[in-house]
Amino acid sequence: MKKPIYLDYASTTPTDPLVVQAMTPFFFESFGNASSPHSIGQKARKALEDSRAVLANFIGAKPSEIVFTSGASEGNNQAILTLALSLFGKGRHVIISAIEHHSVLECAKRLGKLGFQVDLVKPQPDGIVDSASMIQLIREDTILIALHHANNEIGVIQPVEEIGVVARQKGICFLVDATQTVGHIPVDVKKISCDLLSLSAHKFYGPQGVGALYAREGIHLEPRLYGGDQETGRRAGTQNLPGIVGLGQAIELCQKKMEKEAREQAALRDYMIEFVLTNIKGSSLNGHRQMRLPNNAHFSFEKINGEELVTALDMAGIAISQGSACKWGTLEPSHALKALGLSDELALGSLRVSIGRWTSKEDVDCFLEQLKSVIEKLRK
Ligand code: PMP
């Protein structure tokens with residue numbers, strides 16, 4: 001059977017074989033617990049700290065500012081819930097974009113139940129959250145602002161630097177979910193002026209189930225998991241050593257490849273957008289044409305049910321999704337697309353194409369041909 005064409009890199013990327021190679025010894029000869037005093041444990045500790053240094057350097061942080069987690073969901077939960085509780089006395093107002101990932105939105109909902117006031121800021125129709133609209137909501141008692149670096153569905157890149165400058169001036173904690181950008185476009189915590197930043201290794205060719213939370217020096221980050229002193233008391237539990245080694249190796253590969261990959265993927269993305277908009281009637285692009293991730297194109301099609309489209313494409317050998325894998329099967333239109341002002345019909349008739357390291361021009365051509373014919377069939 002022919003291998004499926006994978007166009008769902010935004011949900012997860014395949015692990016790079018070089019990452020798997022780097023991880024493998026840490027299941028066998030170097031399997032130690034990084035907190036053990038003996039030489040096997042210390043070797044594990046060294047590998048862990050090497051990965052921390054590699055990641056820190058890549059995002060412009062200090063190694064001591066990196067807390068390894070199980071991924072961005074955990075990072076976002078820790079950042080929002082522990083921070084809000086520790087700043088409870090200072091203020092109870094939080095500003096969050098309405099198109100954040102559910103791991104941010106659900107935490108905000110939780111804060112609402114705990115007595116916080118949460119302002120959700122809708123994006124403009126092009127998917128960009130207007131920084132001035134966010135800034136004007138700041139109050140004396142605002143303790144946290146959250147804006148993701150790029151959206152996981154429509155791939156729009158947000159003006160995080162503009163928010164960062166103001167948040168820093170006013171001493172408000174600023175959380176940036178950079179899950180979709182790390183390894184794809186430059187991410188520098190100093191340029192963004194964020195206090196907290198979350199990421200997941202499986203979005204940049206590392207393994208699933210491992211990630212990190214950057215917490216700027218001076219930010220008091222409470223643990224969400226209590227127990228041992230791992231991660232300097234900020235996250236209890238034996239670290240996922242092979243995963244963390246994999247994360248470090250994935251970052252090293254991105255360091256070498258990111259610029260070229262972004263350029264090539266952006267060219268393929270633009271080619272796809274051009275093709276779809278010219279050759280498929282009733283199609284539209286969701287999100288800003290240029291201010292988007294190099295590997296993301298997100299479309300809506302009139303008179304198409306997105307779930308049927310995804311299933312038909314799957315049967316044609318193309319693995320692709322409508323948007324967030326975390327909410328697949330809910331039959332609800334995506335909160336992000338609704339926030340852009342799309343009708344239910346267009347929000348439900350959407351498709352996210354996310355390409356990556358192993359997507360070829362042939363893959364894209366084959367997909368476009370299938371897409372056109374599947375849409376024609378479904379509309380009949
Ligand atoms: N934030 C964003 C923007 C994401 O795309 C994702 C993954 N879809 C997450 C957070 C959560 O990451 P994970 O599932 O690895 O915890």
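Each ligand, and each atom within it, is numbered from 1 in the order the structure gives. Keep in mind it's a predicted model, so treat the numbers as computed, not measured.
In the vicinity of N152, heavy-atom distances shorter than 4.0 Å reach the ligand 1 atoms 3 (C), 5 (O). Close contacts between ligand 1 and H202 involve ligand atoms 13 (P), 15 (O) [criterion: under 4.0 Å to a heavy atom].
Ion pair E345/K303 not flagged as a salt bridge, since none of the NZ, NE, NH1 or NH2 atoms sits closer than 4.0 Å to an Asp/Glu carboxylate oxygen.
Other residues, nucleotides and ligands contribute only 12 or fewer heavy atoms inside 6.0 Å of the CD atom of E259.
Within the set D177, V210, T69, N77, the minimum heavy-atom distance to atom 10 (C) of ligand 1 is found for D177.
For E74, no heavy-atom contact with ligand 1 is shorter than 4.0 Å.
For Q180, a nitrogen or oxygen atom sits less than 3.5 Å from a nitrogen or oxygen atom of ligand 1, counting backbone and side chain alike. An N or O contact shorter than 3.5 Å links S200 to ligand 1 by distance.
Note: I5 CD1 to I318 CD1 = 5.0 Å, rounded to the nearest 0.5 Å.
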Evaluate salt bridge (Lys or Arg N to Asp or Glu O under 4.0 Å) for E231 paired with R52, printing each intermediate quantity in order.
CA-CA 11 Å; E231 299 300 297; R52 198 187 306 279; 2.7 Å; yes
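Of the candidates V245, I244, T238, L241 forms a side chain to side chain contact (heavy atoms under 4.5 Å, CB included) with just one, namely V245.
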